[in-house]
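Everything below concerns the one structure shown next.
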Amino acid sequence: MTDMVAYETHGAVAVLRLQNPPVNALSQAVRQALMQGMDRAEADPGVRAVLIVGDGRAFIAGADIKEFGKPPREPHLPDLCDRIEASPLLVVASMHGVSLGGGLEVALSAHYRIAQPEARIGLPEVHLGLIPGAGGTQRLPRLTGAKAAVEVITSGRHVPADEAARLGIIDRVEAGDPQAVGLACAQALLASGAARRPVSEMPAPAPIDWDATYAKVLKKGRGQLSPAQAVRAVQASAELPFADGLAAERRIFQELMATDQRQGMIHAFFSERAVSNLSELASVAPRAVEAVGVIGGGTMGAGIATSALLAGLSVVLVERGQTAAEAARARIAGNLDGALNRGKLTQERHDALLGQALEVVTDYAALADVDLVIEAVFEDMAVKTAVFAELDAVCKPGAVLATNTSYLDIGEIAAQTSRPSDVIGLHFFSPAHVMKLLEVVVPDQTVPDVVATGFALGKRMGKVAVRSGVCDGFIGNRIMRAYRTAADHMVLDGATPFEIDAALTDFGFAMGPFAVSDLAGLDIAWAMRKRLAPTRDPRERVGRYPDTLCEAGEFGRKTGKGFYLYDAGSVEPNPEVMELVMAERAERGITPRGFSPEEIQRRYMAAMVNEAAKIVGEGIARRPLDVDMVLLFGYGFPRYHGGPLKWADLQGVDTVLADIETYAREDDFFWQPAPLLRQLAAEGRCFDDLNKAPQT
Ligand code: T1G
């Protein structure tokens, strides 16, 4: 046997053991070796059963995603599954770790399935813009029924072993060495004279209301194709003979393989893993962090403290006075209660975190032994520099001093300390214990091992950490300001905020920019506009209608009124807004014009792409994929587009540049094409070419 699949016999059982680290992905070589293993077992006169088991930490994590987009090579996974199922031998799969996608499909083509208690199974292909393509949509429903199969497949979730047993997906959960447990199972089946049990020969599932299910899944997908298409594939398992159902699944799978959404989602899958792998840090050891200090126990500080506690770190949180300290502790307790209610925490761990791991104090002296401090106080330079002066005096040598500032100059903050090379920006997104994005903001004077420490802390907290250079707004907020400005200009020129929100939800956002502003609080952007006003270029167009709303104390959801009216669960456009907008248009001498949803989307995305290209070109972001991950994990960008720069590649960089040059003829101040965009278009290259280039 090849080293991809080891072959050994134990009595009448042939063991095929996959050895393709790290997760036994079903590469062509593995598929080939499994085919050969089945041939060898069937040619072995002493063999009456086959056990399939995985080496290492997983049974099989699925098809080899790295092969997608390349010409498929035989043996194809569906053929392998059919080959396993059709074997005259009794086939048992013994699962541990994860059995996902094609990995579960291999197990479903076995005749019996046994799993470890901690094992998880799933068909997550929808998260890659696909559907199961090796029989999963035909075999799973025969075991679980259509309703459960639709839920498992369209959610793409990981199903714990005990639930999988209840659903009928696996036959038994038994702790032990997966191979030993599998062998015992196979031998017991042989001893009892158990028959082969091909799933494909089981009765087709009873029908459900397919059209209603399809419509519900389509709506929930917010424009994503694959979950709804998976419903149709499961429907085929109920309405067609097995072979025809397989053919229907194959057709849908291949159609989805050709979509932009598949490219976008696989880009997101690999980028999420690549974004924190920076070559500049490859040989840099992070400093050890076990105890963290947090300064400020407001929403952000309490969220950061919660995230650190959940990561197993001890936390010392400092507030100014006893009342604020008690309020901070209550906020953290509330956050942990939420984690407990969501099943992310046991009561015992909840109590231990609050009881032992967390200390809330009012005296900086308690920070003397922490390894890293994160400041999350009011966004004011004087306040922050005072905090850092205190930290410098109290914290031990080698402690990392981090600020959570959203836009203040970290270099200026660092200059207040005797250790500027140990100062870094760790920009969390609220709520910090929920949002996965962490911008690691690196001023010039910060030393590499402090940067590595920021990334290591992010990984430990389960964040997607992205490196950012220092500029106003770093990566995410700077880009957000650009696309919000484009939206503002469209309102001044004739679109309504409500049309814009509708167009962007059609694009795949959960909420449009104006609804998001209402949610965050209109006063936040108002404060930013006031901060930037003194240095604003007179050529910059900025609508005054949001300021008027704020001056009237209308800040959005928290006041019940903003761009929308919020009343007892109902959300309606605020009619006052268009009165303000029409008055401002008249004052500015603007004759309003209509904007189609398509034009709204293209302008909004052009602004996003253009600013992102400037950020990559200036080196604020290391690669285009870094920007894509910021927008996916911090700003709700629809994952099936892959991120703004992946979207631009899929549209064609030259097409986006042409849009920007068209818009520049109306406003050549806001619409200044990014040099990098021009360069890529001129060279016939795309942003992904930069992702693949060796990191300098
Ligand atoms: N193919 C290729 N490489 C994979 C892989 C896969 N399926 N899964 C993981 N890797 C790599 C990953 O890129 C990383 O590489 C390393 O393994 C560790 O992964 C026909 C068509 C399995 C839960 O969608 O969900 O089957 O960065 O860092 O956090 O119906 O990886 O080290 O170079 O994520 O412990 C369906 C995708 C495929 C599962 C492990 N399967 N993988 O998580 O480690 S489509 C999936 C995961 C399919 C069939 C269809 C996770 C994991 P590197 P990691 P982890």
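First listed ligand is number 1; within each ligand, the first listed atom is number 1.
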Atom pairs, nitrogen or oxygen, ligand 1 to protein, under 3.5 angstrom:
from	atom 1	to	atom 2	distance (Å)
ligand 1	1 (N)	A63	O	3.4
ligand 1	1 (N)	I65	N	2.9
ligand 1	3 (N)	K66	NZ	3.2
ligand 1	7 (N)	A63	O	2.9
ligand 1	26 (O)	A63	N	2.8
ligand 1	26 (O)	G102	N	2.8
ligand 1	30 (O)	E105	OE1	2.6
ligand 1	30 (O)	E125	OE2	2.6
ligand 1	30 (O)	G133	N	2.9
ligand 1	34 (O)	R273	NE	2.7
ligand 1	34 (O)	R273	NH2	3.1
ligand 1	35 (O)	R57	NH1	2.7
ligand 1	41 (N)	A61	O	2.8

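The existence of a salt bridge linking R139 and D82 is confirmed by a sub-4.0 Å separation between a basic side-chain nitrogen and an acidic carboxylate oxygen. A salt bridge links R232 to D211: one of the charged nitrogens lies within less than 4.0 Å of a carboxylate oxygen.
Q229 contributes no side-chain N or O that, together with a main-chain N or O of L256, makes up a donor-acceptor pair within less than 3.5 Å. Panel note: side chain T453, backbone R287; a donor-acceptor pair is recorded below 3.5 Å.
The side-chain hydrogen bond (donor to acceptor under 3.5 Å, both in side chains) with R639 is formed by just one residue from the set H127, Q224, E272; it is E272.
For the side chain to side chain contact (heavy atoms under 4.5 Å, CB included) test, residues two or more places apart in sequence or in another chain that qualify with M435 are F429, P431.
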